[in-house]
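All of these numbers come straight from a predicted model, not from anything done at the bench. We name chains A, B, ... by the order of the sequence lines, and we start the count at 1 in each one.
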2 protein chains.
Amino acid sequence: MESKTDQFRKYLKRFVELTDLEWQSLEKDFRTVPKKQYLVKQGQTAKELYFLLEGSARLYYEKDGDEKTTYFFFENNLVGDYLGCLAGQPSTMSIQALEDCKLIAFKYETLTTLYEQFPVYQIFGRKLAEYLFMGLDMRLAELLTLTPEERYLKFISTSIKRKILERIPQQYIASYLGITPVSLSRIRRRIADS
Amino acid sequence: MESKTDQFRKYLKRFVELTDLEWQSLEKDFRTVPKKQYLVKQGQTAKELYFLLEGSARLYYEKDGDEKTTYFFFENNLVGDYLGCLAGQPSTMSIQALEDCKLIAFKYETLTTLYEQFPVYQIFGRKLAEYLFMGLDMRLAELLTLTPEERYLKFISTSIKRKILERIPQQYIASYLGITPVSLSRIRRRIADS
DNA sequence: TAAAATTCTTTACATAAGTTAATAAATCAG
DNA sequence: CTGATTTATTAACTTATGTAAAGAATTTTA
């Protein structure tokens with residue numbers, strides 16, 4: 001039977017192969033965060049990162065009273081304010097559970113300590129940053145080169161994202177695409193009519 | 001007197017401290033690229049990265065016949081298709097010299113070899129990726145949370161960026177901000193009138 | 001310096017998006 | 001199951017942006 005931590009260890013294999021000692025050196029802490037509660041709060045300095053075992057979350061910025069959702073997180077992925085951890089600055093955004101979440105927490109500081117202790121973690125740190133960079137780079141290119149309608153079509157064109165559609169309120173998807181919920185509703189109608 | 005390579009070495013000190021051996025192990029190649037020529041061409045697989053000694057460049061995507069500029073590069077910074085190097089895929093964008101450029105080229109493969117040879121390069125690789133990630137993350141947040149006018153005001157509010165304004169055609173700044181040159185012109189007028 | 005090329009601004013018009021508010025639909029909680 | 005809450009759609013209106021084209025200003029270069 002696969003334990004919870006195995007899920008996380010398996011995820012790390014995308015990046016590096018860890019020995020048992022290396023794997024155990026990363027102190028892990030189980031958490032549950034109920035729907036609508038926060039993993040990261042704006043203004044507070046994030047000290048830990050999470051591996052999402054179950055559930056989903058959204059990252060949003062607050063602006064003029066309303067919220068701009070810019071990212072989603074799903075099971076079997078890392079969650080957290082990576083930028084905040086890197087910069088050591090208070091978070092400029094919040095991360096809220098969209099569904100009940102089960103997660104594994106680990107201190108960012110523990111990770112940086114492991115960078116020095118084990119070369120393989122240094123490699124992990126690099127590959128993780130590279131992986132996150134790639135994601136953002138492609139996202140940015142899409143935002144700057146595609147129209148809102150094109151972005152929506154691209155968004156729903158992957159089967160993974162279709163699952164997202166069923167689990168996530170459309171208002172959040174709208175701001176992920178850089179538009180208002182009303183506008184997304186119109187785009188959907190426009191597409192349905194054609 | 002400071003030599004050309006010293007400029008590059010100094011830049012690297014942001015990330016790591018290199019011994020002479022480590023520094024010399026990175027094979028460097030001087031290049032000049034005249035204005036309007038290309039450092040990276042869409043469709044070709046980028047194999048090297050550059051350190052810009054003098055001049056400036058823009059990164060752009062081609063879409064429906066016209067160009068979307070999404071990034072600028074200036075002296076004393078790295079240039080190149082980092083994503084393309086990471087992914088080993090053909091570039092989806094081009095990088096064009098906006099002014100005559102003097103640069104130091106180094107093979108991405110050499111860098112990855114050095115990751116294995118010298119731990120300090122592994123650290124450099126991590127910190128570089130983290131640094132680039134941070135830049136993209138902040139940029140993305142700005143694009144998704146600010147209006148075009150707010151983005152322009154933010155853009156010109158930093159003294160560094162004001163220099164950019166004087167060296168870079170506004171049409172490119174427009175698409176950097178995610179709008180058309182016409183729209184930028186109107187925003188500028190709106191601000192001037194108020 | 002003058003002609004050519006490029007860049008910027010402006011105008012007019014069409015289109016899409018934002019805003020507000022009302023209604024419909026779906027989801028949640030007691 | 002039903003009332004309450006949240007979410008999605010629609011409508012009406014305003015505003016900003018895109019597009020195309022013309023003219024002005026600037027820069028390039030021969």
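- For the pair B:D81 and B:K47, the salt-bridge criterion is not met [side-chain N within less than 4.0 Å of a carboxylate O].
- For A:E142, the salt bridge (charged side-chain N to carboxylate O under 4.0 Å, His left out) partners at least two apart in sequence or on another chain are A:K154.
- In summary, of the residues considered (B:K4, B:Q7, B:E99), a side-chain contact (heavy atoms from CB on, under 4.5 Å) with B:E54 occurs for B:K4 alone.
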Listing time: all N or O pairs from protein to nucleotides 26-29 of chain C that are below 3.5 Å?
from   : atom 1 : to    : atom 2 : distance (Å)
C:dC28 : OP1    : A:K35 : NZ     : 3.4

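- Atoms CZ (B:R189) and C1' (C:dC8) sit 12 Å apart, rounded to a whole Å.
- No hydrogens or angles considered: a donor-acceptor pair under 3.5 Å links the side chains of B:T19 and B:E22.
- A cation-pi geometry, defined here as NZ or CZ lying under 6.0 Å from the six-membered ring centre and within 45° of its normal, holds between A:R58 and A:Y172.
- Residue B:Q170 places at least one side-chain N or O closer than 4.0 Å to OP1 or OP2 of C:dT9.
- Judged by distance alone, the side chains of B:S91 and B:Q42 never bring a donor and an acceptor atom under 3.5 Å apart.
- Summarising the local packing, OH of A:Y71 is surrounded by 12 or fewer heavy atoms from other residues, nucleotides or ligands at distances under 6.0 Å.
- Under the salt bridge (charged side-chain N to carboxylate O under 4.0 Å, His left out) criterion, A:R31 pairs with A:D29, A:E48, sequence neighbours left out.
- Each end of the helix from C:dT9-D:dA22 to C:dG30-D:dC1 gets its own rotation axis from five pairs of C1' atoms, and the angle between them is 50° to the nearest 10 degrees.
- Where B:K36 and B:S185 each meet DNA chain C at their nearest nucleotide, the meeting point lying more 5' is that of B:K36.
- Remark: side-chain polar atoms of B:E116 are not paired, donor with acceptor, to backbone N or O of B:T113 under 3.5 angstrom.
- Under a cutoff of 6.0 Å and an axis angle of 45°, B:R139 and B:Y176 form a cation-pi pair.
- A:E109 and A:T112 form no side-chain donor-acceptor contact under 3.5 Å, judged by distance and modelled atom types alone.
- Looking at A:E27 and A:T110, their side chains never bring a donor and an acceptor atom within 3.5 Å of each other.
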Nucleic acid footprint by protein, nucleotides 11-20 of chain C - heavy-atom cut-off 4.0 Å, B for base, S for sugar-phosphate alone
BB----BBBB
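- Residues B:Y152 and B:R188 bring a donor and an acceptor atom of their side chains to less than 3.5 Å of each other.
- Using a 4.0 Å cutoff to heavy atoms of chain A, the contacted part of DNA chain D runs 5' to 3' from D:dT7 to D:dA12.
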